[in-house]
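A short worksheet on the structure shown next.
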Amino acid sequence: MQLSQRLLAVADLASAGYCLADVGTDHGYIPIYLMEKGNYERAIAMDVRKGPLLRAEENRKSHGFEDRMDLRLSDGVAALREGEADTVVIAGMGGGLVIHILTEGAKVLKSVETLVLQPQSEFARVRDYLEKNEYRIEEEHMLCEDGKYYAMMRVKHGKMTPLTEIEQKYGPVLLAKKDPVLKEFLEREERKFTEIREHLAQMEGEKAAFRKKEVEKELEDIRAAKERLD
């Protein structure tokens, strides 16, 4: 099973265990890849739509995992039973949806040892939710694929040191290990917001003034994060 760089990084964070549950599985790539590697004995591939499950079924059959990989139509982890999986992957969806899945599935997720999260947006909101709901960020990865930057994290139950605003936004582990990809991302963001600021300098009015404040705050946060990486 050949995976994209993003999915490989997610799979790497999933590490190993007995049963992996993949939420929003699409083609079933991650569970098949990890079972082929021998990292998991069983897997549950779940999706809210039938189409992705049909594609996952084809891949399951072609790789000979019909007896080891369950396919379930599921909104989030609704079709997952307590104690059934020790690792849950929630990847490739907006941060708001990730939070919704974690909230609605809170009861069953208490029995899950490890969560691997790869939100596509609203990273600060996701990290804030984790902190407030006693999840601990154990590891974080960041990569750039096809010009897009992706951040992902491995999470376990337990309190973590309260996050600063900068840590919520850019990742406490990424900052602590001075991640080079995060530095590239910050430099790109700094260039982008500097250009926006220059454009806004020519504009007047209440909306422009409000936007100028937003942009200055973004630049301030970027500079603070870059200082942590030096």
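Throughout, residue positions are numbered sequentially from 1 according to the sequence presented. As a basis for the values below, the full set of heavy atoms in this structure was taken, side chains included, without hydrogen atoms, waters or symmetry mates.
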Salt bridge (Lys or Arg N to Asp or Glu O under 4.0 Å) partners of Glu113, counting only residues at least two apart: Lys156
Exam field: side chain Glu218 to backbone Phe193, donor-acceptor pair closer than 3.5 Å: no
Worked check of side chain to side chain contact (heavy atoms under 4.5 Å, CB included) between Leu54 and Glu57: CA-CA 5 Å; Leu54 291 174; Glu57 185 175 15; 4.0 Å; yes
Shared-cluster residues of Phe123, by chain and number - hydrophobic side chains joined below 4.5 Å: none
Show me the donor-acceptor pairs within less than 3.5 Å that the side chains of residues 90-104 make with the rest of the protein, sequence neighbours left out.
from, atom 1, to, atom 2, distance (Å)
Thr103, OG1, Ile99, O, 2.8
Thr103, OG1, Tyr129, OH, 3.4

Hphob cluster co-occupancy, Leu71 + Val88, side-chain heavy atoms under 4.5 angstrom: no
Common cluster, Ile44/Leu73, ILVMFWY with side-chain heavy-atom separation under 4.5 Å: no
Contacts of Tyr40 that satisfy side-chain hydrogen bond (donor to acceptor under 3.5 Å, both in side chains) - sequence neighbours left out: Thr87
Show me the donor-acceptor pairs within less than 3.5 Å that the side chains of residues 222-230 make with the rest of the protein, sequence neighbours left out.
from, atom 1, to, atom 2, distance (Å)
Lys226, NZ, Glu190, OE1, 2.7
Arg228, NH2, Glu167, OE2, 3.2

Where Leu182 and Tyr170 come nearest, the two heavy atoms and their spacing: CD2-O, 4.0 Å
Lys/Arg-Asp/Glu bridge criterion (N-O < 4.0 Å) met for Lys192, Glu189: yes
Taking every non-hydrogen atom, the tightest pair across Ala14 and Leu20: CB-CD1, 4.2 Å
Electrostatic pair Lys148:Asp146 at N-O distance under 4.0 angstrom: no
Nearest non-hydrogen partners of Arg72 and Ala79, listed with the distance: NH1-O, 2.9 Å
Criterion side chain to side chain donor-acceptor pair (under 3.5 Å) on Glu204 and Gln202, from CA distance to verdict: CA-CA 7 Å; Glu204 297 180 356; Gln202 306 169 27; over 6 Å; no
Worked check of side chain to side chain contact (heavy atoms under 4.5 Å, CB included) between Leu174 and Met153: CA-CA 10 Å; Leu174 292 173; Met153 63 196 83; over 6 Å; no
Separation between CG of Asn133 and CG of Asp128, rounded to the nearest 0.5 Å: 9.0 Å
Backbone N/O of Leu109 and side chain of His157: donor-acceptor pair under 3.5 Å: yes
Met152 CE to Leu7 CG distance, which is reported to the nearest 0.5 Å: 8.5 Å
Separation between CD1 of Ile137 and CD of Glu131, rounded to the nearest 0.5 Å: 8.5 Å
Salt-bridge contact Arg55-Glu58 (side-chain N to carboxylate O under 4.0 Å): no
Side chain to side chain, Thr25 and Pro31, heavy atoms closer than 4.5 Å: yes
Those residues that, when tested against Asp179, pass salt bridge (Lys or Arg N to Asp or Glu O under 4.0 Å) (two or more places apart): none
From CD (Glu134) to NZ (Lys159), nearest 0.5 Å: 5.0 Å
Smallest separation among heavy atoms of Val181 and Cys144, with atom names: CG1-N, 4.1 Å
Point-to-point distance, once rounded to the nearest 0.5 Å, from SG of Cys19 to CG of Leu80: 7.5 Å
Test side chain to side chain donor-acceptor pair (under 3.5 Å) applied to Arg127 and Gln168, Glu122, Glu140, the passing residue: Glu140
Side chain to side chain contact (heavy atoms under 4.5 Å, CB included) involving Val48 - partner list, sequence neighbours excluded: Asp75
Set of salt bridge (Lys or Arg N to Asp or Glu O under 4.0 Å) partners for Lys183, sequence neighbours left out: none
Under 3.5 Å donor-acceptor, Arg6 side chain and Tyr150 backbone: no
Criterion side chain to side chain contact (heavy atoms under 4.5 Å, CB included) on Ile30 and Tyr33, from CA distance to verdict: CA-CA 5 Å; Ile30 289 176; Tyr33 172 81; 5.7 Å; no
Residue pair Gly105 / Val77: nearest heavy atoms and the distance that separates them: CA-CG2, 3.5 Å
Distance-minimising heavy-atom pair for Ala85 and Ala21: CB-CB, 3.9 Å
Donor-acceptor contact below 3.5 Å, side chain Asn59 vs main chain His27: yes
Leu115 with Val10, same ILVMFWY side-chain cluster at under 4.5 Å: no
Arg60 (side chain) donor-acceptor with Ile32 (main chain) under 3.5 angstrom: no
Residues Glu139 and Lys177 bridged, charged N to O under 4.0 Å: yes
Main-chain N/O of Pro52 paired with Asp26 side-chain donor or acceptor, under 3.5 Å: no
Linked hydrophobic residues, Tyr18 as query - side chain contacts closer than 4.5 Å: none
Criterion side chain to side chain contact (heavy atoms under 4.5 Å, CB included) on Glu84 and Val108, from CA distance to verdict: CA-CA 9 Å; Glu84 199 170 22; Val108 68; over 6 Å; no
Counterpart residues, side-chain hydrogen bond (donor to acceptor under 3.5 Å, both in side chains), relative to Glu145 (two or more places apart): none
Verify same cluster id: Leu163, Leu186 (apolar side-chain graph, 4.5 Å): no
Euclidean distance, Glu214 CD relative to Arg211 CZ, rounded to 0.5 Å: 5.0 Å
Partner residues of Arg197 under the salt bridge (Lys or Arg N to Asp or Glu O under 4.0 Å) criterion, sequence neighbours left out: Glu216
Donor-acceptor contact below 3.5 Å, side chain Arg136 vs main chain Gly158: no
Under the side-chain hydrogen bond (donor to acceptor under 3.5 Å, both in side chains) test, residues paired with Lys37 that sit two or more places apart: none
hydrophobic_cluster_shared for Leu130 and Val23, side chain cutoff 4.5 Å: yes
